[in-house]
Amino acid sequence: MTGMAGTSEHTPLDLPEGDPFGPHNLPYGVFSDSADGPAGSAGARRVGVRIGDHVLDAGAAAEAFGFPHAALLAAPTLNPLLAAGRAVWSEVRAALTAWLTEPAHRATVLPLLRPLSAVTLHLPFEVADYVDFYASEHHASNLGRLFRPDEEPLKPNWKHLPVGYHGRAGTVVVSGTDVVRPSGQRKGPSDPAPVFGPSVRLDIETEVGYVVGVPSAQGTAVPLSSYRDHVFGICLLNDWSARDIQSWETVPLGPHLGKSFATSISAWITPLEALDAARVPAPPRTVPLLPYLDDADPSLDPAGYDLRITVSLNGHTISEPPFSTMYWTGAQMLAHMTVNGASLRTGDLYGSGTISGPGEHERGSLIEITWNGQRPLELPDGKRGFLEDGDVVTLEAWAPGPDGARVALGEVTGRIVTP
Ligand code: CA
C-alpha cells in the first residue's frame, strides 16, 4: 500500500489495528534471505523477529544500536539466546519493542525488515532432547474408550503424574517440511501375521511444544516455581503418528517407530512474556497431588494458557481444540521430567500431548475425530479416515493479548508425500 501524498508513508511498521503479530507479540525465528535477496546475504542463517508480515534482522538491528547482547542475536540458531536466561530474555524483548515502536528508530530499523515472502524460515533452534506428554484428560479418555472399552478410560496413574515418553529429537522439522509416509510393521487383530509397508493409518496430533532455554544440573530437580527461569517460550507442534505401526509395536513398551519419523514445529517461538495476558489456571484437580506437582499455591505462575487452536486439512477447518482444558501444565511437566534428577539442556523440547476439549469439534487427532476411522470426515475433496498422500495439515492458534489484542502463534503446516 502506498502512502497518501502530503502525509506520512505507510511502512511495514504501520500495522493494521489488531495485527496479531504486532509489537506485543514478537516471536523469534531463524531465517535466511531467499536467493534473490540482498547481494551476498542469501543462505546465511540468522535470528529474525516477526513483526506483521515482515521479519526484522535482529542481529543487524542489535549491531546498529550497539546493543550489548548483539552476539546472541547474530547467531545462526536461537540456542545462545535460549541459554542466556530470563533476565537477558527480558532485556532483549524490551530492546526489540523500543526499536520497533519508537519513531526515532524507524530510519535505522526499516532497511533491516524483510517481507516474509523474501525469506526462508529454518528450524529455529537445535533440538536437544525431546519428550512428549499426554496431558489432555479428554484425549486420554477418548483413547481409553476407543481401545479399552471395558475398562475405566484413564489408567490409575493418570491423575497422579503427567504421563510421557522420550521421543526422537533429530527428526523434529520446521513447519513447511514435507512428511514422507512412514513404512513399518502392522498387524490387525485378525491378521495371522504382521505385514510390512507404508502406514495406512497416518494421523496428526495437535500439540503445544515448550522450548527449554536454561539447563539444569544432573541430580537436581526443577521445582514448579522455576518454570519461567527455564522455559523460554512455546510453539505449535504436530506429532505425526502412524496408528497401525504404533498399535502393533507399543506392547509392552512406549511409542517408537510410529512416532519417530517426523515431528513438525512452527518456525516462530513465542516467548512466555508475550503470553502473560493469556495465562489461566489449570482445571480443578480431582485427586490430591504429591507436593512436587501441587500447583495450588497462588504465588506460582498459573502456567496454563488460553490458546484457541484451529486444525485444518487441505484448507478445511476440522477441529478447534481449546488448550485451556489441559489437565497438566507446562510447569508440572517440567517438574515431573526432572524430579528424578534428569538434567535439562538448552534446546530441550517437550510436547503437551494431543490437545482435545470435551466437545466433538474440539478433538486434536483424526483417530478421535473419526472415532478410529468408523466415522470418516466428509470433506469437499473426499472422505478421510486417516491422511492420504498430498494432504496438507495446518495448525494455527491465537491467545488473548494485552488490551484486547490477539497474540498469534506461528502456524505449523506439513504435507504428506509418497515414500
Ligand atoms: Ca503426542
Side-chain angles (χ1 to χ4, degrees), residues 127 129-147 153-155 157-158 161-173 175 177 179 182 184 199 201-212 234-251 253-266 305 307 309 311 313 318-319 321-323 325-330 332-334 336-337 348-357 362-370 372 386-387 393-395 397 409 412-414 416:
V127 182
D129 288 298
Y130 168 49
V131 168
D132 198 21
F133 284 95
Y134 195 55
S136 161
E137 180 176 1
H138 303 291
H139 172 71
S141 299
N142 283 336
L143 264 61
R145 288 187 195 102
L146 272 169
F147 295 117
L154 295 179
K155 289 284 190 183
N157 63 357
W158 198 89
L161 54 84
V163 170
Y165 69 95
H166 281 81
R168 193 168 192 85
T171 49
V172 175
V173 295
S175 175
T177 306
V179 173
S199 169
R201 291 159 59 80
L202 186 53
D203 200 353
I204 59 165
E205 292 196 339
T206 304
E207 304 195 19
V208 162
Y210 297 82
V211 181
V212 172
I234 65 169
C235 58
L236 288 172
L237 183 152
N238 185 347
D239 174 25
W240 305 94
S241 299
R243 301 300 181 192
D244 42 1
I245 297 171
Q246 184 186 354
S247 66
W248 171 232
E249 74 177 358
T250 316
V251 185
L253 290 184
H256 188 204
L257 303 179
K259 302 275 194 178
S260 62
F261 55 95
T263 305
S264 299
I265 63 169
S266 46
Y305 301 102
L307 300 176
I309 302 171
V311 184
L313 175 50
I318 60 170
S319 180
F323 192 63
T325 60
M326 298 300 274
Y327 193 84
W328 298 104
T329 70
Q332 289 173 315
M333 294 180 227
L334 187 74
H336 186 64
M337 194 161 72
D348 280 1
L349 172 69
Y350 62 99
S352 63
T354 307
I355 303 154
S356 292
E362 298 177 331
R363 294 171 175 171
S365 64
L366 288 172
I367 197 168
E368 292 167 273
I369 294 170
T370 69
N372 204 15
F386 292 92
L387 296 173
V393 177
T394 304
L395 313 181
L409 269 60
V412 59
T413 191
I416 305 302

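For ligands, and for the atoms within them, numbers begin at 1 and follow the listed sequence.
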### Query
About how large, to 10 degrees, is the angle OE1 of E205, then the Ca ion (ligand 1), then OD2 of D132?
160°
### Query
What's the atom name of the N, O or S in E207 nearest to the Ca ion (ligand 1)?
OE2
### Task
Starting from the Ca ion (ligand 1), look over the N/O/S atoms of D239 and name the nearest one.
OD2
### Message
Can you tell me how far apart CD (E207) and CD1 (I309) are? Round to the nearest 0.5 Å.
### Response
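Separation between the atoms: 10.0 Å.
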### Query
Is it true that E205 and R243 have a side-chain N and a carboxylate O under 4.0 angstrom from each other?
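A salt bridge links E205 with R243.
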### Query
Can you find a side-chain donor-acceptor pair between D203 and S241 that sits under 3.5 Å?
no
### Task
Taking the side chain as every heavy atom from C-beta outward, state whether L307 and I355 have any pair of such atoms under 4.5 Å apart.
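A side-chain contact under 4.5 Å is absent here.
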